[in-house]
Amino acid sequence: MSSEQERINSYEIAKKQVDIATKYLDLDPGSVEKLKHTKRELIVHFPVKMDDDSVRVFTGYRIQHNVSRGPAKGGIRYHPSVDLDEVRALAMWMTWKSAVVNIPFGGAKGGVQCNPKEMSLHEIEHLTRRFTWEISMMLGPEQDIPAPDVYTNPQVMAWMMDTYSILKGYSVPGVVTGKPVELGGSLGRFEATGRGVVITALEALKYLKKPIEGAKVAIQGCGNVGGVAAKHFDRLGAKVIAISDSKKGIYNEKGLDLQRLLEYKAKYQCFVCDKKEESEITNQELLELGCDILVPAAIENQITEKNASRIKTKIIVEGANGPTTPEADEILSDKGIFIVPDILANAGGVTVSYFEWVQNLQELIWSEEEVLDRLTRIMQRSFKEVLEISHSKNIPMRTAALVLGIGRVAEATRLRGIYP
Ligand code: NAD
C-alpha cells in the first residue's frame with residue numbers, strides 16, 4: 001500500500017459523497033445525518049490455530065449500514081488493510097448500490113485483517129469458520145447475507161454456509177451468495193460483476209457513439225471482476241491493451257494475448273511477458289495509459305488528485321469500489337472523461353447475488369440464460385435512469401447515481417418512520 005492510500009480515509013470520502021448528493025434531494029438534516037452513520041458495527045478478535053500449532057489472533061468486522069429496504073447485503077474481504085473505516089465505507093456503498101439497481105437489500109460489509117497470500121488453505125478455512133461463528137448473530141437469509149470480495153471466493157462462501165448451517169442444525173444456503181453452484185450458488189454469479197462492468201461500458205460507448213470493436217481497454221486488477229471483464233471485452237472485439245495484479249501490469253499497445261496471460265496467471269499466480277511486443281508496467285503507469293476505456297478493478301483510492309490530471313482515457317468504468325476520490329472526480333470531469341461510477345458499474349454482482357438468494361428461498365434453479373438476461377435488463381435500465389438524472393439535473397454520473405440510490409433509501413426510511 002502506498003503512503004497516499006494510507007492517508008486517504010474511505011469513510012470520510014463516502015460521507016463527503018452523501019453531502020454532495022443530498023444537495024439535490026429535499027431531505028431534512030437529521031435524515032442526512034442518519035444516512036452518514038452505520039446502523040450496527042461488530043468488531044471481533046478471535047484466535048486461529050496455524051499450521052505450525054501456534055495461535056494467532058485476528059481482527060474482523062461485520063458492519064450493517066442500512067436495512068430500510070431489506071436485509072443487509074455485502075461482501076467479506078480478507079486483506080491486510082481492512083479496518084473499521086474501510087468496512088464502514090464499503091457497507092455504505094453497498095446500500096446505495098442495491099438501491100441504484102432497485103433490489104430489496106440494504107448494505108453491509110465485512111472483513112478480516114489478514115494476508116491470505118501468506119496463509120495455507122487450512123489456515124484460511126479455520127479463520128473463515130471461526131470468523132463466521134463470531135459474527136453469526138448478525139447473519140441469516142432474512143438478516144444479513146455475505147458474499148465474496150477481495151481475496152475471498154466461492155470456497156470461502158461454502159465454509160461460511162457450512163459453519164452457519166452447523167450452528168442452525170440444518171442447511172441454510174440462503175445465508176451467503178457467491179457459493180459454488182453445487183451448494184445452491186447461482187449460475188452466472190461468478191461472472192456477474194465483470195459482465196455488469198462490460199454491459200455498462202457498452203451503454204457508455206453507445207451513448208458516446210463509439211464502437212466496441214477495436215476500443216482500447218486497460219484493466220487494473222485481474223481477479224473476479226477484472227479478469228472476467230477482460231475476457232468479455234476481448235470476446236466483444238475490444239483490444240485489452242493492459243492488465244495488472246497487485247505486483248505489476250503487462251502492456252501491449254496492439255492488444256494482449258489474454259488467454260495465454262490468464263491461463264499462466266491461474267496456474268502460477270503471477271504474470272509473465274514472453275512476447276517481444278509486451279512490456280511490464282507498474283499499476284500507476286497502467287492507469288495513465290492512453291486508451292478508450294479504463295477499468296479500475298482492484299482496490300480503493302487509485303485515482304486521486306495526484307494522478308487524475310495524467311489520466312488519458314475517454315471512459316472510466318469502475319469495477320472496484322471507491323477507486324476514485326472526490327478531488328480526482330473534479331479533475332476528471334474538467335477533462336471531459338465519462339465515468340460509470342462504482343455503485344452502478346459493479347452492481348452486477350449484488351444483482352445476481354439477489355437472484356441467488358431468491359432461488360435459494362424458493363428452492364428454484366434458473367438457467368444461465370435467464371440469469372444473464374435479467375442481469376442485462378437491470379444493468380441497462382439502471383444506466384438509463386442514472387444518465388437521465390445526470391442530464392435533468394446537469395450533474396456528473398457519480399452524483400446522479402448517488403442521488404438515485406440515496407433518494408430511494410431516504411424515501412424507504414421516511415415511509416417506515418422512526419420507532420418508537
Ligand atoms: P479479487 O480478490 O478476485 O481480485 C483482486 C485483484 O486486485 C487481484 O488481481 C489483485 O492482484 C489485485 N490487487 C490487489 N491489491 C492491489 C493493489 N494494491 N494494486 C493493484 N492491484 C491490486 O477481488 P475482486 O472480487 O475482483 O474485487 C476487486 C474489486 O471489485 C474490489 O474493489 C471489490 O470490492 C470490487 N467488487 C467486487 C465484487 C465481486 O462480486 N467480487 C462486486 C462488486 C465490487
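We count ligands from 1, going down the list as the structure has it; atoms in each ligand are counted the same way. Because the structure is predicted, anything quoted here is derived from the model rather than measured.
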Q) Is the NZ or CZ atom of Lys393 both under 6.0 Å from the centre of the six-membered ring of Tyr24 and within 45° of that ring's axis? A) no
Closest non-hydrogen atoms of Leu262 and Cys222, given as atom of the first, atom of the second and distance, are CD2-SG, 3.6 Å
Under 4.0 Å between heavy atoms, the region of Asn321 that gets near ligand 1 turns out to be both
Review point. Based purely on interatomic distance, does Glu300 place a nitrogen or oxygen under 3.5 Å from a nitrogen or oxygen of ligand 1?
Key: no
Query raised in the report: Hey, is Arg77 one of the residues with a heavy atom under 4.0 angstrom from ligand 1?
Result: yes
Arg189 heavy atoms within 4.0 Å reach ligand 1 at atoms 40 (O)
Closest heavy-atom approach to atom 28 (C) of ligand 1 among Gly319, Ala320, Ala297, Gly74 is made by Ala297
With heavy atoms and a 4.0 Å threshold, my read on which part of Pro323 contacts ligand 1 is neither
Output field: ring centroids Phe338/Tyr207 closer than 6.0 Å: yes
- prompt: Taking everything shown except Glu253 itself, do over 12 heavy atoms lie less than 6.0 Å from its CD?
  reply: no
- Query: Can you find an N or O of Asp149 that's nearer than 3.5 Å to an N or O of ligand 1?
  - Reply: yes
Checking heavy-atom distances from atom 9 (O) of ligand 1 to each of Pro148, Cys222, Gly227, Pro80, the winner is Cys222
Exercise. Is the gap between the ring centers of His65 and Trp96 under 6.0 Å?
Worked result: yes
- Task: Give yes if a backbone or side-chain nitrogen or oxygen of Ser246 is under 3.5 Å from a nitrogen or oxygen of ligand 1, and no if not.
- Result: yes
Salt bridge (charged side-chain N to carboxylate O under 4.0 Å, His left out) between Glu41 and Arg88, worked out: CA-CA 8 Å; Glu41 302 183 337; Arg88 282 173 168 157; 2.5 Å; yes
Taking distance alone, with no angle check, do His79 and ligand 1 share an N/O pair under 3.5 Å?
no
Within the 4.0 Å heavy-atom cut-off, what Lys117 brings close to ligand 1 is neither
Thr193 N/O under 3.5 Å from ligand 1 N/O: yes
*Angle class for the Phe105/Tyr354 ring planes (parallel below 30°, perpendicular above 60°, tilted otherwise)?*
perpendicular
Name the orientation class of the two ring planes belonging to Tyr151 and His79 (parallel below 30°, tilted from 30 to 60°, perpendicular beyond 60°).
-> parallel
Look at ligand 1 and say whether Lys265 reaches it with a heavy atom at a distance under 4.0 Å.
no
